[in-house]
Amino acid sequence: MKSSRRIVAFLFLIAISLLMIRLYYIWTTIAPESSCMPQPRYFTNGSLILNPVRYLIDTCVDEDQCFGWGDRQRAIVTTYLVSLLSGRQFGIYMTNPCALENFLAPNKLNWIVKKDELDSLCTRNFYMYNVHLQHNRQHQMIETADFQTLFPEDVIYFHTAQDYLPSIRRNKLTADKIPWLHRYTLGEAYGYIMKLLFTPNNNTQKTVTELLSKHVKNQTLVCAHVRMGIVGFDTLRTPKSELHVIWDFLHRYNDTNKYKLYVATDMNETKAQAKKLFRDQIFDTVGIIDQMHRSKSCEVFRRVIVEQEILTRCDILMLTQSTMGMIAAFTRNTNNGLYCFYKERVFPCTIETLHELHNIM
Ligand SMILES: *[C@@H]1O[C@H](CO)[C@@H](O)[C@H](O)[C@H]1NC(C)=O
Ligand SMILES: *[C@@H]1O[C@H](CO)[C@@H](O)[C@H](O)[C@H]1NC(C)=O
Ligand SMILES: *[C@@H]1O[C@H](CO)[C@@H](O)[C@H](O)[C@H]1NC(C)=O
Ligand SMILES: *[C@@H]1O[C@H](CO)[C@@H](O)[C@H](O)[C@H]1NC(C)=O
Ligand SMILES: *[C@@H]1O[C@H](CO)[C@@H](O)[C@H](O)[C@H]1NC(C)=O
């Protein structure tokens, strides 16, 4: 009797907690009021700045659920496009699990944020995470928003993990503010934005060129990205029982004079299996293998960045279901030598069909 009452009380508490979490998300996704109004800003000589720079900053800090590198790249693309629509300067503030600048440097556009310079301004955090029922509403909001007037604050710290490109395309402002977007497919837009924003920093560059020049001489570089997923934590992407299909595909390249092999994966066991099967051809980089959104290790982040950079340089590239792999294909920017693994088959595919197949953007 007593214990059943306890169970009821416990269930009641859980229900209340779930409700609170739900309300919190609804509130943070649509909260309309601003926490401050922008104040006039002055030059050091005292004269008024007439059109002060305003900022839209892709944010991923310790208390955020930033998820994996693929999710973060989606967030970066969304935020960059919204910065164009809203006429704001774009920045990236990523400190989880360590600063993005440890691995990547700005290419054509400087996205580095000097946070202390922004601290005196009127700022706001804006959250747009995928909470099931909210998702359609968020897309609708992106489609219809007048981003030039939506936020009054000087600095918006934008927190998301989703791709909103199709909704951004449908926004009325896009034809004027981002005309090129209407001529690019999703894959082309991602590839273009990734190259515009990022280049490997000196460290990453050194790691990748040393690795490739050491291991790949005159051979063709064959790569597979085998995203496994972690049971109970993530969706299962590639069942272990189907790995043999991928190994069979790689066996076609079993000629050490002609081919070198790189297998990127999120599971130690899969990496070990590949190394054992293809020990004469395979090479590897340093860093810990794990899921970015589970791990708090900078070494995991390093490996993901280095592996994605390698994937963009492969002559043959075979991909499983993964945003990180897909974005590597977008940046690699050719359908030549591109293969998809799907439902126990490996077949030649294209950047666009890869995207349609997995439907994870
Ligand atoms: C103050 O500095 C700004 C920017 O350097 C300049 O544009 C402005 O003309 C200066 N005003 C006066 C009064 O010197
Ligand atoms: C890389 O190193 C060179 C000189 O060693 C330096 O000039 C350059 O700024 C560095 N680039 C980056 C992105 O750190
Ligand atoms: C690759 O071919 C060699 C002989 O050409 C054979 O000994 C080896 O077992 C093959 N390896 C795999 C992984 O098929
Ligand atoms: C690469 O070079 C090695 C020795 O220099 C040679 O044996 C091999 O056939 C070459 N491979 C290709 C694909 O040209
Ligand atoms: C892989 O092994 C490393 C080193 O033992 C460990 O830190 C990491 O958590 C392992 N990764 C996974 C996904 O289990």
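Start at 1 and go down the list; that is how both ligands and their atoms are numbered. Just so it is clear, the structure is predicted and the values come from calculations on it, not from any experiment.
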Taking [atom] as the reference point, the nearest protein heavy atom with its distance:
{"atom": "atom 7 (O) of ligand 5", "result": "Ile288 CG2, 3.6 Å"}
{"atom": "atom 3 (C) of ligand 5", "result": "Asn268 ND2, 3.6 Å"}
{"atom": "atom 9 (O) of ligand 5", "result": "Asp290 OD2, 3.3 Å"}

Glu309/Arg313 ion pair, N-O < 4.0 Å: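 So Glu309 pairs with Arg313 through a salt bridge.
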
Salt-bridge criterion met for Asp315 and Lys260 (N-O under 4.0 Å):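 Salt bridge absent between Asp315 and Lys260.
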
Aromatic ring pairing Phe126/Phe151, orientation class (parallel under 30°, perpendicular over 60°, tilted between): perpendicular

Winner among Thr44, Leu48, Asn45, Ile49 once heavy atoms are compared against atom 13 (C) of ligand 1: Asn45

Subset of ligand 5 atoms that lie under 4.0 Å from at least one heavy atom of Asp266: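 That gives atoms 13 (C) of ligand 5.
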
Ligand-residue contact atoms, ligand 5 with Ile289, heavy atoms, under 4.0 Å: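 By the 4.0 Å cutoff, the relevant atoms are 1 (C), 8 (C), 10 (C), 11 (N), 12 (C), 13 (C).
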
Remaining members of hydrophobic cluster (4.5 Å side-chain criterion), Phe43: Ile49

Sub-4.0 Å protein heavy atom next to atom 5 (O) of ligand 5: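 Protein heavy atom within 4.0 Å of atom 5 (O) of ligand 5: absent.
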
Sub-4.0 Å protein heavy atom near atom 11 (N) of ligand 1: yes

CA sep, side-chain torsions, deciding dist, call: Gln162, Gln138, side-chain hydrogen bond (donor to acceptor under 3.5 Å, both in side chains): CA-CA 10 Å; Gln162 261 71 55; Gln138 288 170 353; over 6 Å; no

Phe249/Phe341 under side-chain contact (heavy atoms from CB on, under 4.5 Å): CA gap, chis, key distance, verdict: CA-CA 10 Å; Phe249 169 75; Phe341 168 84; over 6 Å; no

